[in-house]
Amino acid sequence: MKILHIRNIANVAYNLSLQQKKMGHEVRLFEITENYTSENTDISLNLPLKYSKKDIPRRFQIISKNLVEITLKEKFDIFHLHDAGIFPQDIDIPLFFKRFGKVVVHWHGSKLRNNGRIFGSKFADVEIVSTPDLLDYSPDAIWIPNCIPWHGLSKVNRNDDKIIIGHAPTNRFYKGTEYFLEAMAQLKKEYPNVDCLLIENKPHKEVMQLLQTCDIVVDSVGFYDKRQVGWYGVLTNEAQQMGIPCCTWIKPGLEPYLEEPSGIVNVTKDNLKQRLEELIRDENLRENLGRSGRKYVEKVHNNKVLCQKFLTLYKRTILK
């Protein structure tokens, strides 16, 4: 099967393509914008994320030229569009992609939350969501957890009495960073051995190295804002692999989707200090949660199993 992934949001397309290639499929990854988190993209146009209106015609010309070139040359069976189409109103789905193959739209977040299923995306042959909250916006979609690369890293044994609590927000507002900092300020007064590690604007490799030194990781803090996802992110999975307990907000409507034991501590601005205090005081609790988290990510985010789910969907779509 020949598969073209468009965009590499949070490295999801890259991780999926690696497994698909191992299973003998021909896979290409087409990235449009500059993205420092992307790895080994087959084709990257490296267009700037921010641009003015006067840049739009030239930008669309570059995208169109390269897209037509690779599509006509390689003749794909599946176009796997991460966050739907490229052009306004996703018009490229019915006018271009549908002419050359089957279309899988894979929603990852804000585009669907903010705009809903706009015109062109409704022509997709199948829709997938990467987090269960997105089912509210696309009820007929299928939720498949993200493929997560196995980084092989473990928590570093520092041989000291410190308790390091890490937080690596991609966006301070959505991650509830102000509430994390408030809780940490209080905890540091009561527990002199507690340190706060705020990780921002660092290359991914350095982030991983810093996370390894942590005893506890806080991904996001719930503050009941509808703009919050209310589900765990890739940071949680990376900490889970290291055997480090991770705190994040799972909003009430999504709790049934979380397979337990997950090793995840559900936190809001109201209970964060209390939950962290429990973890600070109880080393056995931290170790047990760390073990549970590692098993969870091995099972729920197993690349081979998830890749097979995608391929089953592809085949079903082709046979329609």
Side-chain angles (χ1 to χ4, degrees), residues 151 153-252 254-255 258 261-294 296-297:
H151 54 50
L153 303 174
S154 299
K155 180 184 178 301
V156 171
N157 184 3
R158 300 187 317 274
N159 293 318
D160 58 37
D161 63 352
K162 289 183 180 295
I163 303 292
I164 298 177
I165 303 177
H167 179 58
T170 48
N171 181 300
R172 283 195 174 205
F173 174 80
Y174 292 118
K175 294 294 186 178
T177 300
E178 66 171 296
Y179 304 107
F180 167 75
L181 295 175
E182 285 175 9
M184 290 305 306
Q186 295 172 37
L187 288 167
K188 287 173 72 174
K189 289 178 183 177
E190 298 173 32
Y191 299 90
N193 64 322
V194 168
D195 276 350
C196 169
L197 180 59
L198 183 62
I199 308 168
E200 292 181 296
N201 304 315
K202 303 283 187 187
H204 184 258
K205 185 177 180 180
E206 188 175 345
V207 172
M208 292 295 96
Q209 291 170 343
L210 292 169
L211 281 180
Q212 284 182 272
T213 67
C214 295
D215 300 282
I216 303 162
V217 170
V218 176
D219 188 346
S220 70
V221 182
F223 54 95
Y224 317 109
D225 188 288
K226 65 180 181 181
R227 290 168 291 180
Q228 277 196 298
V229 176
W231 191 249
Y232 60 82
V234 173
L235 179 71
T236 293
N237 296 141
E238 289 170 333
Q240 285 174 314
Q241 289 184 48
M242 296 176 188
I244 300 171
C246 194
C247 303
T248 197
W249 184 45
I250 307 295
K251 63 184 178 184
L254 299 183
E255 287 173 340
L258 189 66
S262 65
I264 292 172
V265 181
N266 197 347
V267 294
T268 67
K269 64 183 180 67
D270 300 320
N271 68 13
L272 178 63
K273 180 176 180 291
Q274 177 190 341
R275 294 285 180 266
L276 288 177
E277 203 162 18
E278 291 168 358
L279 292 168
I280 290 166
R281 290 177 171 180
D282 193 337
E283 183 178 358
N284 287 332
L285 176 61
R286 296 197 303 271
E287 290 178 355
N288 289 335
L289 287 170
R291 281 192 291 269
S292 295
R294 189 178 175 92
Y296 176 88
V297 79

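Shown are Val217, Ile164, Leu211; of these, the side chain to side chain contact (heavy atoms under 4.5 Å, CB included) with Leu197 is made only by Ile164.
Ile163 has its side chain within reach of Arg286: a pair of non-hydrogen atoms, C-beta onward, lies under 4.5 Å apart. Arg281 places a side-chain heavy atom less than 4.5 Å from the side chain of Tyr191. Annotation: side chain of Leu272 is not in contact with side chain of Glu182 (no heavy-atom distance under 4.5 Å). You'll find the side chain of Thr236 stays beyond 4.5 Å of the side chain of Ser220, heavy atoms only. Within the 4.5 Å cutoff, side-chain heavy atoms of Leu289 are placed close to those of Leu279. Put simply, the side chain of Ile280 reaches to within 4.5 Å of the side chain of Ile165, judged on heavy atoms. Ser154 places none of its side-chain heavy atoms less than 4.5 Å from the side chain of Met242.
Here the shortest heavy-atom pairing between Asn266 and Arg275 reads O-NE, 4.0 Å. Between Thr268 and Tyr224 the shortest heavy-atom distance is OG1-OH, 3.3 Å. Closest non-hydrogen pair, Val229 versus Leu254, comes out as O-CD1, 3.9 Å. Minimum interatomic distance between Cys214 and Ile244 (heavy atoms only, all atoms of both residues): O-CD1, 3.5 Å. Considering all non-hydrogen atoms of both residues, Phe180 and Cys196 come closest at CE2-SG, 3.6 Å. Across all non-hydrogen atoms, the minimal contact from Lys273 to Leu187 is CG-CD2, 4.0 Å.
Between the side chain of Gln241 and the backbone N or O of Val297 there is no donor-acceptor pair closer than 3.5 Å. The main-chain N or O of Asn284 is found under 3.5 Å from a side-chain atom of Asn288 such that the two form a donor-acceptor pair. For Gln228 (side chain) and Val221 (main-chain N/O), a donor-acceptor pair under 3.5 Å exists by modelled atom type. Here the side chain of Gln240 pairs no donor or acceptor atom with the backbone of Arg294 at under 3.5 angstrom. Using a distance-only test at 3.5 Å, with no hydrogens or angles considered, no donor-acceptor pair links the side chain of Glu178 to the main chain of Arg172. Panel note: side chain Asp219, backbone Gly233; a donor-acceptor pair is recorded below 3.5 Å.
Annotation: the span from Leu285 atom CG to Ile216 atom CD1 amounts to 9.0 Å, rounded to 0.5 Å. Separation of atoms CG (Asn271) and CD (Glu278) is listed at 8.5 Å; rounding is to 0.5 Å. The CZ atom of Arg158 sits 4.5 Å away from the CG atom of Asp160 when rounded to the nearest 0.5 Å. In this structure, OG1 on Thr177 lies 6.5 Å from CD on Glu200, to the nearest 0.5 angstrom. Of the inter-residue distances, the one linking Thr170 atom OG1 with Asn201 atom CG reads 11.0 Å to the nearest 0.5 angstrom.
Between the side chains of Gln212 and His151, no donor N or O sits under 3.5 Å from an acceptor N or O.
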Inset, instruction - Evaluate the criterion salt bridge (Lys or Arg N to Asp or Glu O under 4.0 Å) for residue pair Lys162 and Asp215; output intermediate values, then yes/no. - result: CA-CA 9 Å; Lys162 289 183 180 295; Asp215 300 282; over 6 Å; no
Inset, instruction - In sequence, state the C-alpha distance, the side-chain angles, and the governing distance for Val156 and Gln209, and then conclude on side-chain contact (heavy atoms from CB on, under 4.5 Å). - result: CA-CA 9 Å; Val156 171; Gln209 291 170 343; over 6 Å; no
Legend entry - Residue pair Leu181, His167: steps toward the side-chain contact (heavy atoms from CB on, under 4.5 Å) verdict: CA-CA 9 Å; Leu181 295 175; His167 179 58; over 6 Å; no
Legend entry - Test side-chain contact (heavy atoms from CB on, under 4.5 Å) applied to Val267 and Tyr179, step by step: CA-CA 11 Å; Val267 294; Tyr179 304 107; over 6 Å; no
